[in-house]
Amino acid sequence: MARAPSLTQSMSGVHTWVGLLLGWALFAIFLTGTLAVFDKEIDWWMAPELTNQDQGPVVAANVAQRWLQANHPTSSSWTIALPTERSPRLAVSVDGQRRGENTPLDAESGEPLAVRDTLGGAFFFHFHYTLHLPRLLGVWVVGFAAMAMLVALVSGIIIHKKIFKDFFTFRPAKGQRSWLDGHNASAVLLLPFHLMITYTGLAIFCVLYMPAAVDALYGGDRQALFREADPAAAAQTGRGFGRDAPKSQAPAAPLLALGQFVEQGEAYYGRGMVAAVSVSDPGQADARVTVRPVLGNRIELTKGQGLTYDGVSGALLHEPAPARASLLTQRVLAGLHFAQFGGYPMRWLYFLCGLVSCAMIGSGLVLYAVKKRKQARDDRFLAVVERLNVSVIAGLAVACLALLWSNRLLPAALEARASAELAAFFGVWLATLLHAMWRPPFHAWREQLLVAAVLALALPLLDFLSADTTDRVRLSIDSAAAMMGLVFGWTAWKVPALSAKGRSEPLLRVRPAGAAQ
Amino acid sequence: MNPAASFTLCVVLAYAGMLGLCLGMDRHWKQLATGRLPAYAQRLCRPIGVLSLGLAGWAAGLVWPVGMAIVAWFGSISLAGFVLLMLMPYAPRLALWLPVASGMLLAVAASL
């Protein structure tokens, strides 16, 4: 008679299987999410035609206004994306064009710039929450993975026998023991981050994942919920910025200089906190100017907000009202996840915490393989797990680096260039899978990590050779890549020791803990 | 103090705090401390660590408003703990002297 398993045993089973089966997706989600912390900076790196001219958003707004006045005087709306600390790009679009159809301008001369067509850092951001699946399906798959992450975190806490005793315990070069130590310690030390980032990630799409309340109260009309939650914002976006917005019949009247609205916006939101200016009905008496902040002047995610002015008299017509408690809660949770607040120090904290999360998930995946291998079972499932581990962990790193390399190696004027970059990313990722199927696991690990190390260490070289100028953001990305390259190289060098099959003599000896005494 | 110095101070205090908690445990005391230190020094480690973690929160408050400071405080403590975890087996001396050295550097930088 089989006895019912204890709580710890059943939780251990849940942790193993949920962690393993969703772990691959979770690793990809966490790695791309970590890179997406610096999405704008990666955008900048991937558009070497852009140079930092540091002449501020006020002047840039006036430069853009002159160009729009000369080239699109009769448009129903203008939108100007202003250069910020994180992006030197000044870009304009007219008549409610979508993002990506905009025209980048030289912030000094005001002439259109030829900037290469590239996926940019936005690719990592979109991949992070859709896995490049069709949007709705992707959001559901990622939501399912995030639920699994929460399950794995909670079950992991339950099955961890000595959370406080082993708080700082890491004993390297001891095979399975080391992997378990590393997995446990990276999970426990960063538990607040793991829980926060997973929970807030789910909270972003809460209305989608848990629609019952909206269905019951609003008959499933999600827009009705948002209109009631924030009536002022709804009234504001409802007007003038649609693709087919009818041209107003108001008489002609000169538009004030846009730079002065940006100045007022900076006075309201803080210096460097204005991201965009949009104008409806420019050149007419009912022109409205909306100044939009960057997302990060507070924790609350203030997407779509702005200050609205009369474009002819300059009077302030509308300022954002504080959100009510329910909406504020959701926005603060989303803001905690988006990590747009607190400037660069905060961004680095999120980035490094994200890397440790990746290490935690990766070490869990490897731990499963190490454990099963020790039981010396020659099963085919283990072979599949080992191959997927290599191509998801090392292979994805190679693919991300290949995306950056393709950005510089493909000719700048290539047709459908962004799709070619996409093909490079997925092509290389597929190649790492084939390579992992062909080579024995230890060799596959070592070779792919070495490729990642070389690609990352040589990235600064590629940058210097393929871009005319350099600046602080590109230098930071280059040096961060080089640091990652060192980590990959170090890991590749340690693979023989890491993979020791519980042998008493590891191939490479790491100084055991406490050897200094 | 400028924000960069305050942020560095926050990270250094967070590391010192985690080191204090760590040395308060017998296992890690044996691993890190030299035999010359008296036993009562170990008993002091935990309270000093807790104090230092609290001060890290205060330092974060110099850089950010309260809400953001709490986020940064948690993040700094976690990351400092992870750095300590990685340093201990590979570079135990450095793990011990890092807060002292960076504290002195910070003092020099602040007095300039």
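Being a predicted model, the structure only gives us computed values, none of them experimental. Letters A, B, ... are given to chains in the order of the sequence lines, protein chains preceding strands, and every chain is numbered from 1. Any value given below was found using the heavy atoms of this structure, including those in side chains, with hydrogens, waters and symmetry copies removed.
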Let me know if [X] has heavy atoms under 4.5 Å from chain B in its side chain, its backbone, both or neither.
| X | answer |
| --- | --- |
| A/P345 | both |
| A/L191 | neither |
| A/F168 | both |
| A/F164 | backbone |

Toward chain A: residues of residues 46-65 of chain B with heavy atoms under 4.5 Å: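 Interface residues of residues 46-65 of chain B: B/W64.
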What part of [X] lies closer than 4.5 angstrom to a heavy atom of chain A: side chain, backbone, both or neither?
| X | result |
| --- | --- |
| B/M68 | both |
| B/F74 | side chain |
| B/L85 | both |

Among B/A72, B/A69, B/P3, B/G75, residue most engaged with chain A (heavy-atom pairs, under 4.5 Å): B/A72
Choice from B/C22, B/S76, B/A80, B/A4 maximising heavy atom contacts with chain A below 4.5 Å: B/C22
Distance-only polar pair, side chains of A/Q305 and A/Y269, donor-acceptor under 3.5 Å: no
N-O pairing of B/K30 and B/D26 below 4.0 Å: no
Ion pair A/K161/A/D166, N-O distance below 4.0 Å: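 Looking at A/K161 and A/D166, the cut-off is not met.
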Residues B/L23, B/L96; criterion side-chain contact (heavy atoms from CB on, under 4.5 Å); working and verdict: CA-CA 9 Å; B/L23 287 173; B/L96 204 55; 3.9 Å; yes
is_close_aromatic(B/Y90, A/W490), centroid dist under 6.0 Å: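 Centroid distance B/Y90-A/W490: below 6.0 Å, so yes.
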Centroid-centroid distance, A/W348 to A/F38, less than 6.0 Å: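 Centroid distance A/W348-A/F38: below 6.0 Å, so yes.
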Candidates A/I197, A/I204, A/I299 - the one meeting side chain to side chain contact (heavy atoms under 4.5 Å, CB included) with A/L336: A/I299
Distance-minimising heavy-atom pair for [X] and [Y]:
| X | Y | result |
| --- | --- | --- |
| A/K165 | B/M25 | O-CE, 3.3 Å |
| A/F167 | B/M18 | CE2-CE, 3.9 Å |
| B/A5 | B/L106 | O-CD1, 4.3 Å |

